[in-house]
Amino acid sequence: MENPYLPYPVRIDDITVEAEDKSLKTFKFVFLNKGDEEKYAYRAGQFGELSIPGKGEIPIGIASSPVEKGFVKFTVNRAGVVTTHLHNMKVGDIMGLRGPLGNSYPWDLLKEKNILIVGGGFAFTTLRSSIVYMLDPANRSKFGNIDVVYGARSPGMLLYKDELVQWEKRDDINMHITVDATDDPDWKYNVGFVPPITEQKAPQGGDDTYAIVCGPPIMIKFTQPVLENLGYEHDHIIMSLENRMKCGFGMCGRCGIGKELVCKDGPVFTLDQINKTPREY
Amino acid sequence: MTLVTIDKKDWLKGLTAAAESYRLFGPVKEKDWHQFEELDKGEMPDLNMVNTRLSPKALLFPQSEDMLEYSLDETRDDHHIMKEVRKDYSPRAVVGIRPCDAKATQLIKLNFDAPDIKDPYWLKAYEATTFIGMACDTPLSTCFCTSTGCGPYHEEGLDVLVMEQNDAYLAKILTDKGQVFADASGWATTSDDAATFEAGKKAAEDRIVSKIETDNLADTDLLELHGAPFWDDVAFACINCGTCTFSCPTCWCFDIQDEVNGKSGVRMKNWDSCMFPIFTVHTTGHNPRDTKTQRVRQRFMHKLKYFVDKYHTGIMCVGCGRCVRQCPVNIDIRRVCELMNSFNPTDACASQG
């Protein structure tokens, strides 16, 4: 019998400090055992449980993309016991990884559609996974226009800066990078919060256009009316929820929002689905 | 289905024989209550009780269970690699479980034995266990099993159902597993007295006078029920002690924790409770169920609405009455069920103007 509590052993292969305040690091893991990477086949939008023996586990969205092989990556904000310990670990250290867990963004539904991605802060991880997936030469033709609004507090807090610059240069993705404020005179992108930038830059909604929104609650709160005004129906607004989790596969009971479990029935829901829950997240 | 009769004089002999091939568990008296425990050699289940204080769910779902183990000693090749803890899943039998608690096992099974994912710790223990039920002829005033899809002679989840009949026990063998246990116990004297069983069942059911109504729960809108005006009143006296969830045979929520001793550690599963604020608090401090009203509502909505809507097999309650008897502030699920089942959103809106 498969044991879903048992993590795959992994080694930290690389650590990248992502944010200027060092609160965010990207960990690149490689699997110790041959064959485990194949078992860890995932879709963009799923999450994993980073499992540190002696400390505990933490559910984190997968930041690498299914089209990237040989490793999995997670970008982790230093916040509690497990993530603080993880931030102090070094390349070569051994730990565990469970998953992939949860549903994903609805890639079958999104085929042939225009995609608007709205992200804020360090919630950009599974969105990065999605963008890399869609931009892969084998996949790009399966999607219509791709627009990305991504904002952070300051230029130094933006994740994956090298990739953002590369994507800016491409003509098959429309990047709308923004920061809340900056004193950098050379900053050549937008300045302003995500909701107003979305209002100015995002394409109109419609049957063939879906918005994927991931960010802090305050961003989501003010982005929702903007998207509604742009003509996005609630079943065309896709969001990823977070709740306290333990098992990650629907048994321990704590992440319930009504009869749905965020870990197993989600974390990805349409706003229309979320409206039908008690919204206890 | 076979009916066998066991002379009470042979009861001890039969169970002693069964103990050769089974680990036996049964109710044991401790201070002034009973609880399920593994029986020592020669020890008999104490059937002189109505039911145990805690449900027997811990036999499959221990309050604290080691799942994984690991070494943090970096001189070892396998340091920081987690491994399954070895367990004894040899055949075991629980003797004297009540039909309500056996039915509860089937409800918990929906969670731990889902079509797509299995909890191996629960499921292996379940598969290793033979359930020998004792029919319930002396219910308490807080028992309401007959209106929860269960009953004092309910057979769901049991391999053998035993009823007391003067100087003998009459045992109904319900499954192959039950037959294997009966063979091991030497229970071979067949009986054709099905009528006695039926009469016992009827009489026992008639003794259960406390009832709930659940017929409207499925059709009442989930969000309307969630927003019903009575939740603050229901929760008013609650002290969030968690006694209801720990004593409940159908509550399955758990926590996962690591415990380290020196250089070795274990990852364990511990009972948890939706009554506790830490159950849902985020690392940021934000808590989606921050108030006790929200937590009390979660418990009753889960049992009487979310579960009903998710599995379509009725409510997540077998009417054992433990939470009613043991709640320190007298919150009564029967009363809450009545409020929920009779709730009419239109009336509530009208009364709120």
Side-chain angles (χ1 to χ4, degrees), chain A residues 1-11 32-33 49 51-58 77-84 89 93-96 98 101 216-217 241-262 264-265 275-281, chain B residues 67-72 74 78-84 111-112 114 116-124 222-223 226-227 251-260 263-265 267 269 272 274 278-284 286-289 294 297-298 301-302 305-311:
Chain A
M1 203 179 298
E2 290 275 319
N3 186 340
Y5 298 98
L6 186 66
Y8 299 112
V10 292
R11 179 170 49 79
L32 288 192
N33 297 333
E49 287 271 0
S51 185
I52 302 179
K55 294 296 167 188
E57 297 185 303
I58 184 85
N77 179 42
R78 191 183 66 240
V81 172
V82 179
T83 55
T84 300
M89 287 173 71
D93 284 349
I94 305 294
M95 51 179 276
R98 288 200 292 120
L101 299 164
L241 300 185
E242 292 186 343
N243 245 356
R244 185 183 178 98
M245 290 177 192
K246 288 285 176 171
C247 72
F249 46 78
M251 283 181 191
C252 79
R254 76 199 55 245
C255 68
I257 47 166
K259 67 180 165 50
E260 276 76 28
L261 295 163
V262 172
K264 190 175 180 186
D265 302 308
N275 289 340
K276 292 172 183 146
T277 76
R279 307 190 83 136
E280 288 178 344
Y281 55 83
Chain B
M67 298 194 292
L68 306 171
E69 59 190 358
Y70 44 85
S71 170
L72 304 177
E74 301 207 359
D78 63 350
H79 71 88
H80 289 86
I81 293 179
M82 311 196 86
K83 300 187 177 73
E84 286 184 281
N111 186 57
F112 287 129
D116 53 339
I117 195 153
K118 318 283 179 195
D119 182 313
Y121 303 97
W122 189 92
L123 195 54
K124 285 181 187 172
L222 184 149
L223 290 181
H226 186 270
C251 273
W252 64 58
C253 289
F254 61 88
D255 189 18
I256 299 174
Q257 289 289 334
D258 279 43
E259 199 168 87
V260 175
K263 293 263 182 199
S264 60
R267 179 160 294 161
K269 195 158 80 171
D272 208 341
C274 54
I278 201 175
F279 187 61
T280 47
V281 72
H282 293 198
T283 310
T284 57
H286 165 68
N287 192 344
R289 290 197 283 274
Q294 290 172 318
R297 173 172 58 192
Q298 166 67 17
M301 284 292 281
H302 189 199
K305 181 59 181 169
Y306 303 152
F307 185 90
V308 172
D309 286 3
K310 181 164 178 170
Y311 294 107

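Chain naming here is simple, since letters A, B, ... match the order of the sequence lines and numbering starts at 1 in each.
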Open item on the list: Does any backbone or side-chain atom of A:Cys255 lie under 4.5 Å from a heavy atom of chain B? Answer side chain, backbone, both or neither.
Closed with: neither
- [ ] Let me know if A:Phe249 has heavy atoms under 4.5 Å from chain B in its side chain, its backbone, both or neither.
- [x] both
Open item on the list: If I take atom CE from residue A:Met251 and atom CZ from residue B:Phe112, how far apart are they, to the nearest 0.5 angstrom?
Closed with: 7.0 Å
Task: Proximal component of A:Glu2, with respect to chain B [non-hydrogen, under 4.5 Å] - done: backbone
Task: Option in A:Gly96, A:Gly250, A:Gly253 with maximal non-hydrogen atom pairs under 4.5 Å from chain B - done: A:Gly253
- [ ] Using non-hydrogen atoms and a 4.5 Å limit, figure out which bit of B:Lys83 sits close to chain A: side chain, backbone, both or neither.
- [x] backbone
- [ ] Counting only heavy atoms closer than 4.5 Å, note whether B:Leu68 contacts chain A via side chain, backbone, both or neither.
- [x] side chain
TODO: Would you give the length of the straight line joining atom CD of A:Glu57 to atom CD1 of B:Ile256, rounded to the nearest 0.5 angstrom?
DONE: 5.5 Å
- [ ] Sort A:Thr277 into side chain, backbone, both or neither according to what part of it lies under 4.5 angstrom from a heavy atom of chain B.
- [x] backbone
Open item on the list: Does any backbone or side-chain atom of B:Tyr121 lie under 4.5 Å from a heavy atom of chain A? Answer side chain, backbone, both or neither.
Closed with: side chain
Task: Under 4.5 Å from a heavy atom of chain A, the part of B:Met67 involved - done: side chain
Open item on the list: Would A:Asp93 and B:His80 count as a side chain to side chain contact (heavy atoms under 4.5 Å, CB included) here? Give the steps.
Closed with: CA-CA 9 Å; A:Asp93 284 349; B:His80 289 86; over 6 Å; no
Task: Ion pair A:Lys264/B:Asp116, N-O distance below 4.0 Å - done: yes
- [ ] Please determine, among A:Arg279, A:Arg244, A:Met245, the option with the most heavy-atom pairs under 4.5 Å with chain B.
- [x] A:Arg244
Open item on the list: So which residue, A:Gly56, A:Pro217, A:Ala79, A:Cys247, ends up with the most heavy-atom pairs under 4.5 Å with chain B?
Closed with: A:Gly56
- [ ] Select one option (side chain, backbone, both, neither) describing which atoms of B:Glu259 are under 4.5 Å from chain A's heavy atoms.
- [x] neither
Task: chain B contact via A:Ile257 - side chain, backbone, both or neither, heavy atoms under 4.5 Å - done: neither
Task: Side chain, backbone, both or neither of A:Asn33 within contact of chain B (heavy atoms, under 4.5 Å) - done: neither
- [ ] With rounding to the nearest 0.5 Å, note down the distance linking CD1 in B:Ile81 to CG in A:Leu6.
- [x] 10.5 Å
Task: Residue pair B:Tyr70 / A:Pro53: nearest heavy atoms and the distance that separates them - done: CD1-CB, 3.6 Å
- [ ] Give, as side chain, backbone, both or neither, the part of B:Val308 having an atom under 4.5 angstrom from any heavy atom of chain A.
- [x] neither
Open item on the list: Rounded at 0.5 Å granularity, tell me how far CG in B:Asp119 sits from SG in A:Cys252.
Closed with: 11.0 Å
TODO: Could you tell me which of A:Glu280, A:Arg254, A:Lys259 has the largest number of non-hydrogen atom pairs under 4.5 Å with chain B?
DONE: A:Arg254
TODO: Side chain from CB out, backbone as N, CA, C, O: work out which of these in B:Gln257 comes under 4.5 Å of a heavy atom of chain A, or both, or neither.
DONE: side chain
Open item on the list: For the CG atom of A:Leu261 and the CG atom of B:Asn111, what is their distance to the nearest 0.5 Å?
Closed with: 8.5 Å
- [ ] Below 4.5 Å from any heavy atom of chain B, which atoms of A:Pro278 appear? Answer side chain, backbone, both or neither.
- [x] both
Open item on the list: Is B:His302 close to chain A through its backbone or its side chain, or both, or neither, when contacts mean heavy atoms under 4.5 Å?
Closed with: neither
Open item on the list: Distance check, rounded to the nearest 0.5 Å: A:Glu242 atom CD versus B:His282 atom NE2?
Closed with: 7.5 Å
TODO: Let me know if B:Ile117 has heavy atoms under 4.5 Å from chain A in its side chain, its backbone, both or neither.
DONE: both
- [ ] Counting only heavy atoms closer than 4.5 Å, note whether B:Thr283 contacts chain A via side chain, backbone, both or neither.
- [x] side chain
